[in-house]
Asks: 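Would you mind keeping the following structure in view while I ask a few things?
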Amino acid sequence: MSKSKASRPSEEEAANRIQHTAAPHNFLTEAMNGELTVAADLVDSVIAAAENPTILDAGCGSGDWAMAMAQKYPRATVTGVDVKPIDLKDSGRSIPNNCFFQILDLETDLSGLQNSFDVIHVRSVASQIVDFERAVDQLFKALKPNGVLVLVAGDQSFYAADRSPLPQDQSVMQRAMRVLHEATLNQGFSIESYLHWHDWLSTRSDVEKVVSQDVWVPVELGVEGAASEMCRRFLLDYTGFMPKGYPEVPEFQGENSLCSQAAQEIREAKLAGVSMRWRFVVGHKTPA
């Protein structure tokens, strides 16, 4: 299948993506026992060593991660950027005094941000960016010396108990996610870039070290802890988003679509032993 030219996300598509970023923040934090990232000790040390710490959440979505970091590090200035403003209407949440939000497209020229931040966090945005390698390069340059870049992505797949990819004939949701994956690839976006993040950072002359770690989030009922239920609610919501976000995909349309069948599968908890994988790649910039 040939790739169609990637188009900029519409206002509705951007709003839908932002709406669905709160759930991963919640279940990943739960799965990591309250930590906001892997390599938390490294992030702590970088912020502690900085005179006036600055943190950027690039593609901040709902703003949850940025606000959580602002609360955890009251001495830091935290900035969240995305293509649309966050919407806290009727949420009951307030923005910490050291947290700010701006509109910024990560596919524009970011050279004006060089040497600006001690920590930069990027989660779940590669599926909306055509040249994510360029974006990563610009964001790494936006780090101060000794800064840390945190890249995060879920890979739109289910895994069996032995961590092997779940066969598509064992899960309707697995089939739906693979169709979604192919549709995103066909649009020209960088959804598979997470496979290359470690290599991209490791080959840089200004990198001190690179840490990669996968976080596994269970999606079956009855698993101890809240992460499983949070993830299942996220997937259920996502089955409602896919027909709207990808109207060109025939398998997602209609009363008996893949999305409808997948939603039923999730409601009935037919996902024993199944997990989702979220990959974290952390690049530590060389000190001055």
Side-chain angles (χ1 to χ4, degrees), residues 9 12-38 57 59-68 82 84 86-88 91 93 121-128 151-160 165-166 171-181 183-184 191 194 214-246 249 252 257-280:
E12 182 179 2
E13 288 169 340
N16 280 332
R17 185 188 67 76
I18 288 171
Q19 175 187 350
H20 286 87
T21 56
H25 167 77
N26 293 331
F27 63 66
L28 284 172
T29 303
E30 178 74 18
M32 294 188 293
N33 299 313
E35 296 289 357
L36 297 174
T37 179
V38 303
D57 190 7
C60 64
S62 61
D64 291 77
W65 190 88
M67 289 187 283
D82 213 310
K84 283 182 64 68
I86 67 168
D87 183 7
L88 298 181
S91 70
R93 297 181 298 164
H121 173 263
V122 192
R123 182 177 64 213
S124 300
V125 300
S127 62
Q128 298 291 315
L151 303 172
V152 190
D155 65 359
Q156 294 185 331
S157 185
F158 281 162
Y159 291 84
L166 192 71
S171 167
V172 183
M173 187 65 192
Q174 179 79 321
R175 293 202 300 275
M177 287 192 294
R178 299 322 295 167
V179 171
L180 173 65
H181 185 91
T184 307
I191 196 166
Y194 71 94
D214 290 337
V215 173
W216 297 90
V217 181
V219 298
E220 65 175 303
L221 280 176
V223 175
E224 185 177 353
S228 173
E229 180 58 26
M230 290 178 184
C231 189
R232 289 178 64 256
R233 287 201 302 266
F234 163 73
L235 290 170
L236 194 58
D237 288 345
Y238 217 76
T239 61
F241 157 71
M242 287 191 285
K244 301 173 185 177
Y246 293 81
V249 177
F252 290 170
S257 68
L258 267 181
C259 298
S260 298
Q261 296 176 52
Q264 186 63 28
E265 175 183 77
I266 295 166
R267 291 190 195 97
E268 295 177 357
K270 296 179 178 178
L271 298 166
V274 172
S275 298
M276 294 191 74
R277 179 178 69 178
W278 287 73
R279 174 154 296 175
F280 286 71

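Here, residue 1 is the first one in the sequence, and each next residue gets the next number.
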Asks: Could you state the interatomic distance from OG (Ser228) to CE (Met276), rounded to the nearest 0.5 Å?
Replies: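 These two atoms lie 12.0 Å from each other.
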
Asks: Taking all non-hydrogen atoms of both residues into account, name the closest pair between Cys60 and Asp82 and its distance.
Replies: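 Minimum heavy-atom separation between Cys60 and Asp82: N-OD2, 3.3 Å.
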
Asks: Kindly write out the residues that satisfy side chain to side chain donor-acceptor pair (under 3.5 Å) with Thr37, not counting sequence neighbours, or none if the list is empty.
Replies: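 So Thr37 forms no side chain to side chain donor-acceptor pair (under 3.5 Å) with any residue.
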
Asks: Residues two or more places apart in sequence or in another chain: which of them pass side chain to side chain contact (heavy atoms under 4.5 Å, CB included) with Ser171?
Replies: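 Phe158, Leu166, Met173, Gln174, Glu265, Leu271.
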
Asks: Can you name the side chain to side chain donor-acceptor pair (under 3.5 Å) partners of Arg279, sequence neighbours left out?
Replies: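 Listed in chain order: Asp214.
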
Asks: Tell me the closest heavy-atom pair linking Ala263 and Thr239, and the distance in Å.
Replies: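 For Ala263 versus Thr239, the nearest heavy atoms are CB-OG1, 3.5 Å.
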
Asks: Considering residues at least two apart in sequence or located in another chain, which fulfil the side chain to side chain contact (heavy atoms under 4.5 Å, CB included) criterion with Ser257?
Replies: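 Scan of Ser257 (side chain to side chain contact (heavy atoms under 4.5 Å, CB included), adjacent residues dropped) gives Cys259, Ser260.
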
Asks: Between CG of Leu151 and CZ of Arg123, what distance do you get to the nearest 0.5 Å?
Replies: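 Reported to 0.5 Å precision, the distance equals 12.5 Å.
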
Asks: Let's go through Arg175 and Arg178 carefully: what are the C-alpha distance in whole Å and the side-chain angles of both, what is the deciding distance for side chain to side chain contact (heavy atoms under 4.5 Å, CB included) to 0.1 Å, and is it a yes or a no?
Replies: CA-CA 5 Å; Arg175 293 202 300 275; Arg178 299 322 295 167; 5.9 Å; no

Asks: Output all residues satisfying side chain to side chain donor-acceptor pair (under 3.5 Å) with Thr29, sequence neighbours left out; order by chain, then residue number.
Replies: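 None.
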
Asks: Determine, step by step, whether Leu258 and Met242 satisfy the side chain to side chain contact (heavy atoms under 4.5 Å, CB included) criterion, reporting the C-alpha distance in whole Å, the side-chain angles of both residues, the deciding distance to 0.1 Å, and the verdict.
Replies: CA-CA 10 Å; Leu258 267 181; Met242 287 191 285; over 6 Å; no

Asks: Minimum heavy-atom separation for Cys231 and Pro218, please, with both atom names.
Replies: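 In this case the closest contact between Cys231 and Pro218 is CB-O, 4.1 Å.
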
Asks: Which residue is it: Leu36, Leu28, Val152? I am looking for the one with a side chain to side chain contact (heavy atoms under 4.5 Å, CB included) to Trp65.
Replies: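 With Trp65 as partner, side chain to side chain contact (heavy atoms under 4.5 Å, CB included) holds for just one option, Leu36.
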
Asks: Identify the two heavy atoms, one from Val249 and one from Ala183, that lie closest to each other, and give their separation to 0.1 Å.
Replies: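 Looking at all heavy atoms of both residues, the shortest contact is CG2-CB, 3.8 Å.
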
Asks: Can you tell me how far apart OG (Ser62) and CE (Met67) are? Round to the nearest 0.5 Å.
Replies: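 It is 6.5 Å, given to the nearest 0.5 Å.
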
Asks: Return yes if a side-chain donor-acceptor contact under 3.5 Å exists between Asp155 and Ser157, otherwise no.
Replies: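 Absent: no donor and acceptor within the cut-off.
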
Asks: How close do Ile191 and Gln156 get, counting heavy atoms only, and between which atoms?
Replies: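 Smallest interatomic distance, heavy atoms only, reads CD1-OE1, 2.9 Å.
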
Asks: For residues Arg233 and Met230, determine if any side-chain heavy atom of one lies less than 4.5 Å from a side-chain heavy atom of the other.
Replies: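 Yes; the side chains approach each other to less than 4.5 Å.
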
Asks: Can you tell if the side chain of Trp278 reaches within under 4.5 Å of the side chain of Ser124, non-hydrogen atoms only?
Replies: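 Trp278 vs Ser124: side chains touch.
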
Asks: Please report the shortest heavy-atom distance between Ala31 and Trp216, naming the atom on each side.
Replies: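 Answer, listing the atom of Ala31 first, then Trp216: CB-O, 4.5 Å.
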
Asks: Within a strict 4.5 Å, meaning less than it, do heavy atoms of the Tyr246 and Pro243 side chains meet?
Replies: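 The answer is no; the side chains never approach within 4.5 Å.
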
Asks: Evaluate the side-chain proximity of Leu180 to Phe252: yes if any heavy-atom separation is below 4.5 Å, no if none is.
Replies: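 The answer is yes, as the side chains (C-beta and beyond) meet within the 4.5 Å cut-off.
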
Asks: Excluding sequence neighbours, so at least two apart, what forms side chain to side chain donor-acceptor pair (under 3.5 Å) with Tyr194?
Replies: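 In terms of side chain to side chain donor-acceptor pair (under 3.5 Å), with neighbours along the sequence ignored, Tyr194 is linked to no residue.
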
